[in-house]
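In what follows, a single structure is set out as structure tokens and then discussed.
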Amino acid sequence: MVNQKKIEEAVKLFLEGIGEDITREGLVETPERIARMCTELFAGIDETPKEHLQKTFSVDNSDIVLERDITFYSICEHHLLPFYGKAHIAYVPDGKVVGLSKLARTVEVYAKRPQIQEQMTAQIADALMEYLKPQGAMVMLEAEHMCMTMRGIKKPGSTTVTIAKKGCFEQNPQLQDYFFMMVGRGNK
């Protein structure tokens, strides 16, 4: 749970640390605004995907289910700068499917916490395997990182792609190729 008072104090110290006057009109309410923003940006810290993935529906087939282009925004745990992009999630059901919005909600659980993209990709795939228990799952995240765009190397427009394969996706190149074709990325 976000401690708004601690965040407000930290923001005041930060602003003073960079040489700002925290009594300046434009900054007086900034600590409160940042604290409220943190409540929203880091809401996933206290969440689990279980609540989203536990309500399932029975199905007779085991054809691939894919939801692509799920927009997400997260905060890099190394620099506390945003990274954002698209998530593509596929799974092969083993007798049950989940509502499509629940896949996007699962992405949000992990995006709304200090995070690294590599870990987030694996966490989403692991959550699908644990709570949905499909034959397999594959997750691909494509994101731009502000820590590479506005500081350091300063390479705007570069995209980081991470992939996690579980179950039947791990050893089946044809299924992997089918995933890439469905998300419109050809053979990766």
Side-chain angles (χ1 to χ4, degrees), residues 1-2 38 40-59 61-148 159-185 187-188:
M1 174 169 272
V2 171
C38 286
E40 179 181 343
L41 291 181
F42 301 115
I45 290 174
D46 296 320
E47 271 192 86
T48 172
K50 180 179 182 179
E51 65 188 87
H52 304 300
L53 296 174
Q54 66 185 358
K55 181 165 175 63
T56 59
F57 306 95
S58 296
V59 293
N61 68 21
S62 59
D63 293 331
I64 191 171
V65 175
L66 182 132
E67 188 167 345
R68 68 180 194 187
D69 297 326
I70 302 167
T71 300
F72 71 88
Y73 302 90
S74 192
I75 303 293
C76 170
E77 66 186 29
H78 297 150
H79 299 100
L80 295 182
L81 288 171
F83 68 95
Y84 57 91
K86 303 284 185 183
H88 315 289
I89 300 175
Y91 67 95
V92 176
D94 194 11
K96 57 187 178 177
V97 295
V98 70
L100 295 177
S101 70
K102 305 308 184 193
L103 297 176
R105 290 184 191 282
T106 298
V107 171
E108 287 295 296
V109 165
Y110 293 112
K112 290 187 175 254
R113 53 180 71 176
Q115 186 64 277
I116 61 171
Q117 181 177 335
E118 298 89 340
Q119 178 175 279
M120 184 175 153
T121 308
Q123 288 171 328
I124 294 166
D126 288 342
L128 289 173
M129 295 302 289
E130 180 178 352
Y131 299 114
L132 192 53
K133 302 201 183 323
Q135 295 178 45
M138 189 161 170
V139 176
M140 180 170 80
L141 300 185
E142 301 174 289
E144 182 169 351
H145 293 249
M146 290 296 98
C147 57
M148 283 191 55
T159 303
T160 300
V161 178
T162 51
I163 298 168
K165 300 172 281 200
K166 303 289 179 183
C168 63
F169 282 93
E170 289 179 279
Q171 303 300 323
N172 189 333
Q174 291 172 318
L175 197 52
Q176 295 170 25
D177 287 346
Y178 190 51
F179 171 89
F180 291 124
M181 183 202 64
M182 289 178 72
V183 297
R185 301 304 185 267
N187 292 336
K188 289 261 178 188

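Heads up: numbering here begins at 1 and tracks the sequence.
A donor-acceptor pair is defined here as one N or O able to donate and one able to accept, closer than 3.5 Å; such a pair exists between the side chain of Gln115 and the backbone of Tyr110. No side-chain donor-acceptor contact under 3.5 Å links Asp94 to the backbone of Gln135. A donor-acceptor contact shorter than 3.5 Å is absent between the side chain of Thr162 and the backbone of Glu118. A distance-only check finds a donor-acceptor pair linking the side chain of Lys133 to the backbone of Glu130 [under 3.5 Å].
When all heavy atoms of Val97 and Val59 are compared, the closest pair comes out as CG2-CG1, 3.7 Å. Shown here for Cys147 and Leu81, the closest heavy-atom pair between the two residues is CA-CD1, 3.8 Å. Residues Pro114 and Phe42 share a closest heavy-atom pair of CD-CD2, 3.5 Å. Contact detail for Ala143 and Gln117: the closest heavy-atom pair is CB-OE1, 3.3 Å. Residue Ala164 comes nearest to Ala125 through the heavy atom pair CB-CB, 3.8 Å, listed as atom of the first residue, atom of the second, then distance. Of all heavy-atom pairs between Val2 and Cys38, the closest is CG2-O, 3.8 Å.
Evaluation of the side-chain hydrogen bond (donor to acceptor under 3.5 Å, both in side chains) test over residues 98-108, restricted to residues two or more places apart or in two chains, returns none. The stretch residues 120-148 participates, sequence neighbours left out, in these ring pair (Phe, Tyr, Trp, His ring centres under 6.0 Å) pairs: Phe83-His145.
Taking a 6.0 Å sphere around NZ of Lys96, one finds it holds more than 12 heavy atoms contributed by other residues, nucleotides or ligands. Counting heavy atoms of neighbouring residues, nucleotides and ligands inside a 6.0 Å radius, atom OH of Tyr178 does not exceed 12 of them.
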**Request:** Apply the test side-chain contact (heavy atoms from CB on, under 4.5 Å) to residues Met120 and Phe72: give CA-CA distance (whole Å), side-chain angles for both, the deciding distance (0.1 Å), then the verdict.
**Result:** CA-CA 11 Å; Met120 184 175 153; Phe72 71 88; 3.7 Å; yes
**Prompt:** Which is it for Ile70 and His88 under the side-chain contact (heavy atoms from CB on, under 4.5 Å) test, yes or no, and what are the steps along the way?
**Reply:** CA-CA 6 Å; Ile70 302 167; His88 315 289; over 6 Å; no
**Chi angles and distances behind the side-chain contact (heavy atoms from CB on, under 4.5 Å) call for Leu103, Val98** = CA-CA 8 Å; Leu103 297 176; Val98 70; 3.9 Å; yes
**From CA spacing to verdict: side-chain contact (heavy atoms from CB on, under 4.5 Å), Met138, Ile163** = CA-CA 7 Å; Met138 189 161 170; Ile163 298 168; 3.8 Å; yes
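The pair Arg185-Glu142 meets the salt-bridge criterion, with a side-chain N (NZ, NE, NH1 or NH2) lying under 4.0 Å from an Asp/Glu carboxylate O.
Atom NZ of Lys112 and atom CG of Asp46 lie 13.0 Å apart (nearest 0.5 Å). In this structure, CG in Leu41 is found 14.0 Å from CZ in Arg113, a value given to the nearest 0.5 Å. To the nearest 0.5 Å, the span separating CE on Met146 from CD on Glu144 amounts to 4.0 Å. In this structure, the separation between CG on Leu141 and OG1 on Thr159 is 12.0 Å, given to the nearest 0.5 Å. Annotation: the span from Tyr91 atom OH to Leu132 atom CG amounts to 5.0 Å, rounded to 0.5 Å.
Taking 4.5 Å as the limit, some side-chain heavy atom of His52 sits within range of a side-chain heavy atom of Glu47. Under the 4.5 Å side-chain criterion, counting only non-hydrogen atoms from C-beta, Thr121 is not in contact with Met140. Counting heavy atoms from C-beta outward, Leu53 and Leu128 have side chains that approach closer than 4.5 Å.
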Indicate every side-chain donor-acceptor pair of residues 165-172 with a distance under 3.5 Å to a residue at least two apart or in another chain.
unit_1: Lys166; atom_1: NZ; unit_2: Asp126; atom_2: OD1; d: 3.1
unit_1: Glu170; atom_1: OE1; unit_2: Gly167; atom_2: N; d: 3.0
unit_1: Asn172; atom_1: OD1; unit_2: Gln174; atom_2: N; d: 3.1
unit_1: Asn172; atom_1: OD1; unit_2: Leu175; atom_2: N; d: 3.0

